[in-house]
Structure formats: structure tokens, C-alpha cells
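Accompanying notes for the structure given below.
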Amino acid sequence: MERSLALLVHASKTPLTSLQQYLEGRGFTVYTSASWEEAERLAALVPVNRLKYVFMDVALYHTPGWKRFMRRVQASAADTVFIGFQPKFPHNVYSLLGDGEKPRTEKNAGEMSVLEPTATSMSMKFRDALKLADRYAQYDITVLITGETGAGKEVIARYIHARSARKDKPFVACNMTAITETLVQSELFGYVKGAFTGADKNKKGLIEAAEGGTLFLDEIGDLAPSIQLKLLRFLESREFYRVGEATPKTADVRILAATNKILEQAIQENRFREDLYYRLNSARIILPPLRERKEDILRLAELFIEQTCRQTRQPGKQLSQSVQAFLLEYPWPGNIRELKNAIESAVMVAEDEYITIHDLPMHLQHYATSYRETLSLQTLRRIDQAERAIIEEALQQTSGDKVKAAQLLGVSVRTLYRKLEKFSFTPGTVSPAVRTPEWKTL
């Protein structure tokens, strides 16, 4: 089978050897170029329809040639994915692609930083989740972590691992949706040479890579039924078979699983095995969404600002009052992940010390504009309601005499009549207390 292609376009002098090896390990043929012109020449020489990923150095955004290159590639391969990345931090690409090949341990660069927001969380709901995590960390049991996408399920998994007896052993994370169904078995359990076309050597799976440590399986609710059965057998016996091998192997691995799906509903729809559910659900942590943890939002935002400034070597920045108010009102459907991405983007865009609404990603700016308009309408509506009530009270006190009511209100009679017309005070709608025998107009 022909290998898919990946192209790294970067102007930085930072070596990308580890990233190139990572992609090659995932089965890609990797090409590199230092400019869009060179990338175009490469694209003319290779089968563009096999080009799956183009990784673009963020320093090359909007430089001459990039739009032309994108149009050329998309015209020949509409499913090619363009991904911007910072060459100094290639581990972000590992996370984006699911970390299927690169085992991640607590010693990997930048990983301890993801524990900081957890440890400094202030909301009671999240502290309750942490208390459970601390308790479960003491026992070598399987834990199921549920919550919305981006709520911090992997953060909790790392928190448990870091406080368990396995903390000095590997922590291996795998997003099950990042691996095609046909490859899940070989990725989890490994394979032996000759097991299938292209298997030219023995390969350890994620279970063996996590020996003695913790294997975190994210999006467990998307596992195919056949793999669910094999995982259940492993959880019950700690035995597994490499693809193409008849002799079982054993592994000392703790399983932490996570999902944003409602597994109880998936069971009713025959999409998830009930026996596997009960095996995973022996200990469970339910993470609340960020919108229910408003106490955490500004604290997390400050931490992400500090991390981003440190990584990009920028001077410290602060949130303006308007941004602070907006962050607290926005519903954060993408939870912590969305907040982190928004802050990282704003830090890199902001030219001054203070981050303003205009530094936020475009979709948040649009929401902020819409939100302000909604607030303005609500405010005007409240003002109109109060004004109408005052006018009605004045008319009641003067038995409907508009001249006296205008004097009482301190406005002209003409102004009072404009207000009466605005609020639809007509003979058919005004209460008897404020009606006069004859409706006069000026």
C-alpha cells in the first residue's frame, strides 16, 4: 500500500528531526521545505492526491505564495489538511494528531504545566472532582472520566497518574478517534512481523509501551464492538495478543478511560458493551463544564497567559476589564481547551500590555458584539418600562389631567404626548384611572 505524504513548510532554523521521525513513525513519507516556492516545486513532483497533511510554520502565514500554494493543493486534493504550528513546540502536533505513536511520559517537555490549572482550581465542583481523583490515585483501579469535550479529562488522568504509585513509570495517552478502526487493534496490542502487508518488523502496542505505568484511553465510547471485547478481556485477565501472534502476553498496566458520550444511552442503542461499561465504571469522575465553574475562568486565563508569554518569550500581559467581563459571560462550549486556545491566540496578537476584545479570536469578537447589542436592548427595554410606569403614576395622581401630569413630571405637554404615543397610551388601552373624558391632542 502506498504511504501517505506529509509536508513540513518552515522557515525557522529550529531542527524538526523529532517531528519528522514522529510522522514517519505514523506511516507518512515526509517532505520538508523552507518556503512556499520550494513547497510548490515539491508539490509538482509528488502525487498531490496522496498529500494528507501540510504543516505550516506560523511565521509563514500571509507571506507571498501561501494562498497560491493552498489553492493549487486543494484543487488537486480537496481532503488535504493544513495545520499551522510553532516549530519550537512540535509536541503540540503530537497532541493534535492523537499521540498514537509517541508515548508521552510525565518527563516530556511541557506536560507538567497541564497539571497547574488543576492544582489551582478554585471552584467547589472541580475541587470535588479532585478529591475523588486523589482518592482513586491511591488504589490501582480502573477509572472512568466523563465530561464534555475540552473539560479537562486528560488533565484529571495525568493528575491521578502523578499521584499514584506508578508516577515514575510511563503515562501513555491515546485518543481513540484519532486511529482508524482497522488500525486500533494493532495500535493497542501491537503486531508481529508478517502479520499483514507492510508489517516488516515486530511492533509494540500502546499497552506494552505503558508497561508498569498508566494507559489513558480517550473517547472510549467510540471503540468498535470487536475491540471493546478484546479490551474487556485484557481488563479481566491482563492478557492480550499481538496481531499475528498465537501466544498471549501479559502487561502490568493501569487503565484510565474517558468519554464525552453518554454510555448508558450507547448501551441501549447496542453501540457499547454493557459488561465493559460495568468493568470501566467501578470508579467514576464526572467533570463539570467550564460554564458551571465561573470561579475558575479568570484564574485559568491568567495561567494560560503566563504559560504563553513564557513559551513565546513575550513580556507579561494582562486582561482588560472588558475582556474579564466577557470571559465570565461567554458559555465556553469548548470548555478549557477553547479558553486556552483563545488566550494563546490573544497573547500573540495583542500589541500592548492589556488584552482587549479586539485581540480575541474572530468568533469571540462577533459573540461579544452580539452580546453587547443584546445587553443594550435589554437596558433600553428596562428604561422604557420604568419610564412608562412613572408616566402612568403621574396620570393617576392627576386623575388623567395631562397638563398637570406634565408639570408633575417636569416636561412639556408636547413631550408628554410623544411619550404617550410611544407607549401606546390610547383610549382603549389606558387604565380607567388615567383616562380623561376626552382625548386631546396638541
Side-chain angles (χ1 to χ4, degrees), residues 7-23 32-36 39 53-64 66 82-97 99 102 104-121 150 152 154-155 158 162 296-324 326-327 334 336-365:
L7 174 61
L8 299 176
V9 187
H10 68 103
S12 171
K13 294 182 180 179
T14 303
L16 296 179
T17 305
S18 61
L19 178 56
Q20 185 170 347
Q21 290 175 346
Y22 167 73
L23 292 170
T32 62
S33 66
S35 67
W36 293 116
Y53 291 113
V54 175
F55 297 93
M56 307 178 293
D57 183 342
V58 293
L60 289 174
Y61 278 178
H62 303 296
T63 55
W66 80 284
F82 288 79
I83 299 174
F85 77 105
Q86 168 55 262
K88 292 182 180 180
F89 308 108
H91 58 274
N92 292 336
V93 176
Y94 307 149
S95 300
L96 184 64
L97 296 182
D99 255 353
K102 182 179 180 294
R104 302 189 311 194
T105 70
E106 291 299 332
K107 296 180 182 178
N108 290 152
E111 289 192 349
M112 289 306 294
S113 64
V114 300
L115 295 176
E116 294 174 12
T118 305
T120 56
S121 175
E154 184 172 343
V155 172
R158 293 179 180 278
D296 292 342
I297 293 176
L298 296 184
R299 195 174 185 87
L300 288 170
E302 290 169 358
L303 281 167
F304 295 143
I305 290 173
E306 180 183 339
Q307 290 175 8
T308 306
C309 288
R310 185 170 62 246
Q311 291 173 352
T312 57
R313 298 180 181 179
Q314 293 192 61
K317 296 184 184 295
Q318 300 181 52
L319 297 171
S320 65
Q321 292 294 326
S322 60
V323 170
Q324 290 184 37
F326 170 74
L327 297 184
I336 296 176
R337 183 179 295 124
E338 183 182 9
L339 174 62
K340 186 174 188 291
N341 291 340
I343 293 299
E344 288 177 345
S345 173
V347 168
M348 289 185 281
V349 169
E351 297 180 351
D352 301 320
E353 177 186 355
Y354 283 91
I355 294 173
T356 69
I357 294 291
H358 298 293
D359 299 320
L360 295 175
M362 194 61 67
H363 74 285
L364 295 183
Q365 292 186 38

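Any value given below was found using the heavy atoms of this structure, including those in side chains, with hydrogens, waters and symmetry copies removed.
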Kindly indicate whether the side chain of [X], heavy atoms from C-beta on, has any atom under 4.5 Å from the side chain of [Y].
{"X": "Q314", "Y": "M348", "answer": "yes"}
{"X": "Q365", "Y": "F326", "answer": "no"}
{"X": "L7", "Y": "T32", "answer": "no"}

**Request:** Not counting sequence neighbours, which residues clear side-chain hydrogen bond (donor to acceptor under 3.5 Å, both in side chains) with Q321? List them please.
**Result:** none
Supply the atom-to-atom distance [X] [atom1] to [Y] [atom2], rounded to the nearest 0.5 angstrom.
{"X": "L303", "Y": "L298", "atom1": "CG", "atom2": "CG", "answer": "11.5 Å"}
{"X": "E351", "Y": "H358", "atom1": "CD", "atom2": "NE2", "answer": "12.5 Å"}
{"X": "L339", "Y": "L364", "atom1": "CG", "atom2": "CG", "answer": "9.5 Å"}
{"X": "W36", "Y": "M56", "atom1": "CH2", "atom2": "CE", "answer": "5.5 Å"}
{"X": "T356", "Y": "L319", "atom1": "OG1", "atom2": "CG", "answer": "10.5 Å"}
{"X": "I343", "Y": "L300", "atom1": "CD1", "atom2": "CG", "answer": "9.5 Å"}

Between [X] and [Y], what is the shortest heavy-atom contact and its length?
{"X": "L360", "Y": "A346", "result": "CD2-CB, 4.1 Å"}
{"X": "P315", "Y": "C309", "result": "O-SG, 3.5 Å"}
{"X": "K317", "Y": "D352", "result": "NZ-O, 3.2 Å"}
{"X": "S320", "Y": "I355", "result": "OG-O, 2.9 Å"}

**Request:** Sequence neighbours left out, what passes side-chain contact (heavy atoms from CB on, under 4.5 Å) with E302? Give chain and number order.
**Result:** none
**Complete:** Sequence neighbours excluded, the answer for salt bridge (charged side-chain N to carboxylate O under 4.0 Å, His left out) partners of E338 is none
